[in-house]
2 protein chains.
Amino acid sequence: MSQQDDVPTPPWERPRKRQAPARIPLTRERIVDAAFVVLDRDGFDKLSMRQVAAKLGVAVSALYVHVDDKDELLRLMYNRMFEGVDLPDPDPETWQEQIKDFARSGRERLLRHRDMARISMGHVPFTGELLPHIEKLFAILKAGGLPDKVMAIAGDLLSTYMEGFTLEENMWRERMGEASWQTISTETENYFASLPPDRFPNLVALADLMVGETNDYRFELGLDIIVRGLASYSVSPSAPDGDEAP
Amino acid sequence: MSQQDDVPTPPWERPRKRQAPARIPLTRERIVDAAFVVLDRDGFDKLSMRQVAAKLGVAVSALYVHVDDKDELLRLMYNRMFEGVDLPDPDPETWQEQIKDFARSGRERLLRHRDMARISMGHVPFTGELLPHIEKLFAILKAGGLPDKVMAIAGDLLSTYMEGFTLEENMWRERMGEASWQTISTETENYFASLPPDRFPNLVALADLMVGETNDYRFELGLDIIVRGLASYSVSPSAPDGDEAP
DNA sequence: GTACATTGTGAACAGTGTTCTTTCGGCTTT
DNA sequence: AAAGCCGAAAGAACACTGTTCACAATGTAC
C-alpha cells in the first residue's frame with residue numbers, strides 16, 4: 001500500500017532532473033479513467049465518489065481537489081465521449097448518409113460504456129467542446145439544402161432519437177441482467193402474442209416485429225424515417241435521390 | 001404534532017356511528033398525491049421518501065407498508081400520467097393530425113408536473129396500464145397505411161422525441177431557475193451570435209432560430225418532420241395530402 | 001534549510017433508501 | 001361488553017451517499 005519504506009533511488013537512476021513520478025499524481029484524466037472503470041463494472045447507480053476513490057487507492061476528499069462536484073465528474077465523462085469524433089466535410093450528394101453516420105457513431109459511442117446513455121441524457125448538450133461538431137452537422141444539413149428553421153431543430157431531433165433509443169436499449173439489458181438477451185426477447189414476444197387478440201389485434205400482430213428484429217435494424221429504420229422527413233423539407237434540386245417514396 | 005392530550009370527544013359530538021374518519025387511512029393514492037406535491041415543490045432531486053412521509057405527517061416506514069420501493073412509487077407516478085388519456089378512433093383522412101395530437105398531449109402531460117420528464121425517461125414503456133394506448137396508436141398508424149415494420153418502430157420514435165424534447169425543455173428551466181426565461185434565451189442567443197464567425201458560421205447564423213423561437217413552435221416542427229418521414233412510407237393512396245414537399 | 005503552497009488524509013455532517021422491532025388502533029370473536 | 005387479534009404506524013438503526021473541514025505530508029521555491 002505505502003511505498004515509503006523504499007530506499008531513496010540513487011541519483012544515477014534518476015533519468016533527467018527530478019524523480020520519475022514515483023507516486024503517480026492524481027489528475028482529472030486519471031479520475032475520469034477510474035470513474036469509467038467503476039461505471040462499467042458496477043453501473044451508474046453504484047457510481048459513487050467513494051468507489052472512484054477506492055479504485056484509485058485514495059481518500060474521497062482527494063478527488064475534490066481536482067473536481068468540483070460529482071456533476072463536474074459526470075460532465076467530464078460526457079465530454080470524453082466526443083474525443084476523436086471527426087465528421088466528414090459536407091457533400092451535397094451524400095448528405096443523408098452523412099447524417100446517418102453521425103447518428104450511428106453517436107449510438108456506438110453511447111454503447112461503448114455501460115449506462116453511458118443515462119449520463120448523456122440530462123446534460124444540456126452545449127458544452128463548449130462539442131460546438132465544432134454541431135457546427136459541422138449544420139454544414140452537412142445546409143449542404144442538403146435544408147431551410148434554416150429545419151436545421152435549427154434537426155440537431156435536437158437527431159440527438160434526441162439517438163440518445164433515447166440507446167437509453168431504451170440499455171434499460172432492457174440492465175433491468176434483466178441475468179437472463180440472456182435471447183430469453184428476454186422471446187419471452188417478451190410471447191407476452192405480446194398472448195394478449196387477447198380482440199382487444200389488442202395490432203399488438204398481437206406486431207409482436208415479432210417489435211422485439212424480434214435486431215436493435216441495429218430498428219435503429220436504422222427510425223433513422224431513415226427521420227432523414228426522410230428532413231429531406232422532405234429540402235429545397236435543393238437533388239434532394240430525392242431515387243428511392244424516395246411518393 | 002401529537003393529539004393524544006385532547007380530551008376524548010363527547011359522545012353527542014360523534015355524528016353517526018363511530019367517528020368521522022379522524023385519521024385518514026394511508027393509501028397508495030394518497031402517497032402518490034403527496035409525492036407529486038413534493039415533486040412540484042422541490043424537484044426530482046429532492047423527492048425523497050422522507051419528504052413524502054413528512055408531507056403526510058407520517059413516519060417513513062409507514063410508506064413501505066403500501067409501497068415496495070421508491071422505484072414502485074415512481075412507477076405509480078408514471079402510470080398516473082396516463083389516466084384519462086383518450087385517443088380518437090382511427091381516421092384514415094386525418095391520421096397525421098391524430099398522431100401529432102398524441103405527441104402533443106403527451107408533452108402536455110409531461111409538462112404538467114415539474115421534472116416529470118425525468119421520471120418518464122428511464123422507464124421501460126410497457127407497463128400494462130398503457131397497452132391500450134399503444135394499441136390505439138397502432139390502429140391510427142395502420143389507418144395511415146403504414147407498413148408493419150414502420151408501425152413497430154413509430155411508437156418508439158414518437159415517444160422518444162416527445163420525452164427527449166420535454167426533458168430538454170425541463171432542463172433549461174431547471175438549470176437556471178432564478179433568471180427569467182427571457183433573460184436566459186437572449187443570453188444564450190448572444191452567446192451563439194458572439195462565436196467567431198469564421199469557425200462557426202452556421203451557429204452564428206442560426207443563433208436566433210435555435211433559441212429565439214417558441215418551444216411550442218420548435219416542438220411542432222420536429223413533430224412535422226417525423227410525421228412526414230412516416231408518411232413517406234405510407235402505401236395508402238391518400239397519403240400525401242397536398243402539402244407534401246417533393 | 002526554511003517557508004510555502006499544493007495535495008492527500010481522516011473524521012464528521014447532513015442526507016438518502018430500507019429494514020427491524022415495538023407499539024398502537026380498530027375490528028372481530030366470544 | 002370484554003378479549004383477542006392482526007394489520008398498520010412509529011421509532012430506531014444500518015449502510016450508504018455527496019460534501020466539507022481541520023490537519024498532516026509532500027514536494028517546490030527561495
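Lettering follows sequence order; numbering is per chain, from 1.
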Result block: side-chain N/O donor-acceptor pairs under 3.5 angstrom for residues 38-56 of chain A, not counting sequence neighbours:
unit_1   : atom_1 : unit_2    : atom_2 : d
Asp40(A) : OD1    : Arg114(A) : N      : 3.0
Asp45(A) : OD1    : Arg118(A) : NH2    : 2.9
Ser48(A) : OG     : Gln51(A)  : N      : 3.2

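Rounded to whole Å, atom P of dG17(C) lies 15 Å from atom CD of Glu72(B). In this structure, Leu26(A) atom CG and dG8(C) atom P are separated by 5 Å, rounded to whole Å. One atom, CG of Leu74(B), and another, C1' of dG17(C), lie 12 Å apart when rounded to the nearest Å. Atom P of nucleotide dA8(D) and atom CG of Leu56(B) are separated by 16 Å, given to the nearest angstrom.
Applying the 4.0 Å criterion to OP1 and OP2 of dG7(D), one finds that His66(B) has every side-chain N and O outside that range.
Put simply, CE on Met121(B) and CG on Leu110(B) are 9.0 Å apart, with the number rounded to the nearest 0.5 Å.
Here Tyr161(A) and Phe219(A) bring their ring centres to under 6.0 angstrom of each other.
Shown here are the side-chain contact (heavy atoms from CB on, under 4.5 Å) partners of Leu111(B), two or more places apart in sequence or in another chain: Arg107(B), Thr166(B), Glu169(B).
Looking at heavy-atom distances under 4.0 Å, Ala62(A) makes contact with a base.
For Thr27(A) and Glu29(A), the side-chain atoms include no donor-acceptor pair closer than 3.5 Å.
The aromatic rings of Phe82(A) and Tyr78(A) sit perpendicular, their planes meeting at an angle over 60°, well past the 30° parallel limit.
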>> At under 4.0 Å between heavy atoms, how does the protein contact nucleotides 13-20 of chain D? Give one character per nucleotide, 5' to 3', with B, S or -.
In response: B---BBBB
